[in-house]
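Convention: sequence-line order gives letters A, B, ...; per-chain numbering from 1.
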Protein chains: 2
Amino acid sequence: MNASRTARERVRAELIREITDIARRHLATDGAPGLSLRAVAREMGMVSSAIYRYFPSRDDLLTVLIVDAYNAIGEAVERADATRPRDDFTGRWLAACHAVREWALAHPHEYALLYGSPVPGYRAPEDTIGPASRGTIVYGRILADAQRAGRLAPPPMCPPPPPILSQDAEAVRAVMPGVSDDVVARAVIAWTGLFGMVSFELFGQFNGVVEHRAELFDHNMTCLAHLLGFSE
Amino acid sequence: MNASRTARERVRAELIREITDIARRHLATDGAPGLSLRAVAREMGMVSSAIYRYFPSRDDLLTVLIVDAYNAIGEAVERADATRPRDDFTGRWLAACHAVREWALAHPHEYALLYGSPVPGYRAPEDTIGPASRGTIVYGRILADAQRAGRLAPPPMCPPPPPILSQDAEAVRAVMPGVSDDVVARAVIAWTGLFGMVSFELFGQFNGVVEHRAELFDHNMTCLAHLLGFSE
DNA sequence: AGTCGTCAAGAGCAGCGCTCTCGAATCAGT
DNA sequence: ACTGATTCGAGAGCGCTGCTCTTGACGACT
């Protein structure tokens, strides 16, 4: 009975996989707004209503694509971090930055789905927050390791963060155990600076102004590394 | 003959104004993807096809909304900058930052239209680049004024930018006359950091993590002011 | 008075998300 | 092996979208 049940469920799982594969391809080429269940069904030789047996709504299909994308970029950051010696904190930070940028350039529509304008009606379900924090966790570990190793210089010039922010810092310490409040504050600056840079490049804000994006990115991330305070 | 022609053109201009007003309201409440020409026409008591007499396509309507939004945020930054003494560079920078954030919080969908995911098929026409740079021009003037006044300290810790970036710096100097390459590089960091911060807040990346967003924003922008190098 | 341009209106096309119903296939329990 | 319950694909259909084309009326200029 187990074999027979899995027979039906196996073809079902296979179909779900095929749907998400086609959808991912459509997302990569046409972007999220152009993703249509009817088009996916058409490509599968199905009638459009049959798709709803597997995904109750377009948003549900979008959700698995979002989760996949979060996992993909998270894994890219993890692998980049792993290529550096554990005590080369600047190198690990730069590797993580480049992993984010390169993944974003290779998957612009997926990146836009994760870090661009939120879809007005869409509400992210719980399943997304786990994969969403994979990259952040790597980033937090770099800073936590550096602080533990005593290789984070005292804040070079930032004023101490106001005490109110301690509560938020406490939440951030979940992925950055043991770091002080001022490091958390600078971590947010560097993290948002990284994504601000990538978003500006990808969303066209640099068009006609900045041409040497790779070099500018590299330089700016190096600068942010100094702001973070890694000591040589 | 001039009077009659203007009579006809006046009602035409009035209708165009009414269409854009309603469209702007729909954009503000429903977001860009929910903006529909048919809904606007319905609200005006027109039939949908009549709208196309005034806007040949949905993208054309979206373009004037984009231009309006760029002008609105640009003007907000200009006014904020004007409230501070000309030689209070840190104050001018912080005022500009808060103007951006507050405008974005008040007009989230417009902000997303400007700085969020680009619409896949949409190609921004020439008319948008002028209004798009209004805010950046203010920002550039603050830095140029500071450098001219000798109130920009030498780079505190960033390495000098690679020579390749000089070409891009030359382009940036169009809105930032007379500033050196390293200031341009740091300017880009601060500028992308500002928008990275606002985008993260607006697009939900801080959800469940950062609660005291105003305080964090203020602190981080102050930190970026130090990175820019304004001397007291 | 006649002509020409402008306009609103309507019908229509192809696409979309999504729902419902109806046979057919498949499964589970006897 | 048969039967009752699920599951599934197919089709029709609803209301919505952007956009096109045609028709008929109104107003301005000659």
Take the protein atom [atom1] of [X] and the nucleotide atom [atom2] of [N], then report the distance between them rounded to whole Å.
X     : N      : atom1 : atom2 : value
A:R38 : C:dG17 : CZ    : C1'   : 7 Å
B:D59 : D:dT17 : CG    : C1'   : 14 Å
A:R10 : C:dC27 : CZ    : C1'   : 16 Å
A:L35 : C:dG15 : CG    : P     : 17 Å
B:Y54 : C:dA8  : OH    : P     : 3 Å
A:E43 : C:dC16 : CD    : P     : 12 Å
A:M44 : D:dG9  : CE    : C1'   : 12 Å
A:H26 : C:dG17 : NE2   : P     : 12 Å

Closest to the [X] side chain, choosing from [options]:
X     : options                : value
A:R42 : C:dC16, C:dG10, C:dG17 : C:dC16
A:R12 : D:dC8, C:dG17, D:dC19  : D:dC8
A:R8  : C:dT26, D:dA12, D:dG9  : C:dT26
A:S48 : D:dG18, C:dC18, D:dG11 : C:dC18
B:Y52 : D:dT20, D:dG11, C:dC7  : D:dT20
A:R53 : C:dC20, C:dC22, C:dA8  : C:dC22

Is it the case that the side chains of B:H109 and B:D30 hold a donor-acceptor pair, with the cut-off being a distance below 3.5 Å and no angle test?
no

Under 4.5 Å between any side-chain heavy atoms of A:L224 and A:M221, yes or no?
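In short, these two side chains touch, coming nearer than 4.5 Å.
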
Using side-chain heavy atoms (C-beta onward) and a distance below 4.5 Å, is B:F206 in contact with B:E211?
no

Which part of the nucleic acid does [X] contact within heavy-atom distance under 4.0 Å: base, sugar-phosphate only, or nothing?
X     : result
A:I51 : nothing
B:L61 : nothing
B:S49 : base

Would you check, one step at a time, whether the test salt bridge (Lys or Arg N to Asp or Glu O under 4.0 Å) holds for A:R101 with A:E201?
CA-CA 9 Å; A:R101 177 171 181 266; A:E201 175 175 0; 2.9 Å; yes

Determine whether the aromatic ring centres of A:W191 and A:Y139 lie less than 6.0 Å apart.
yes

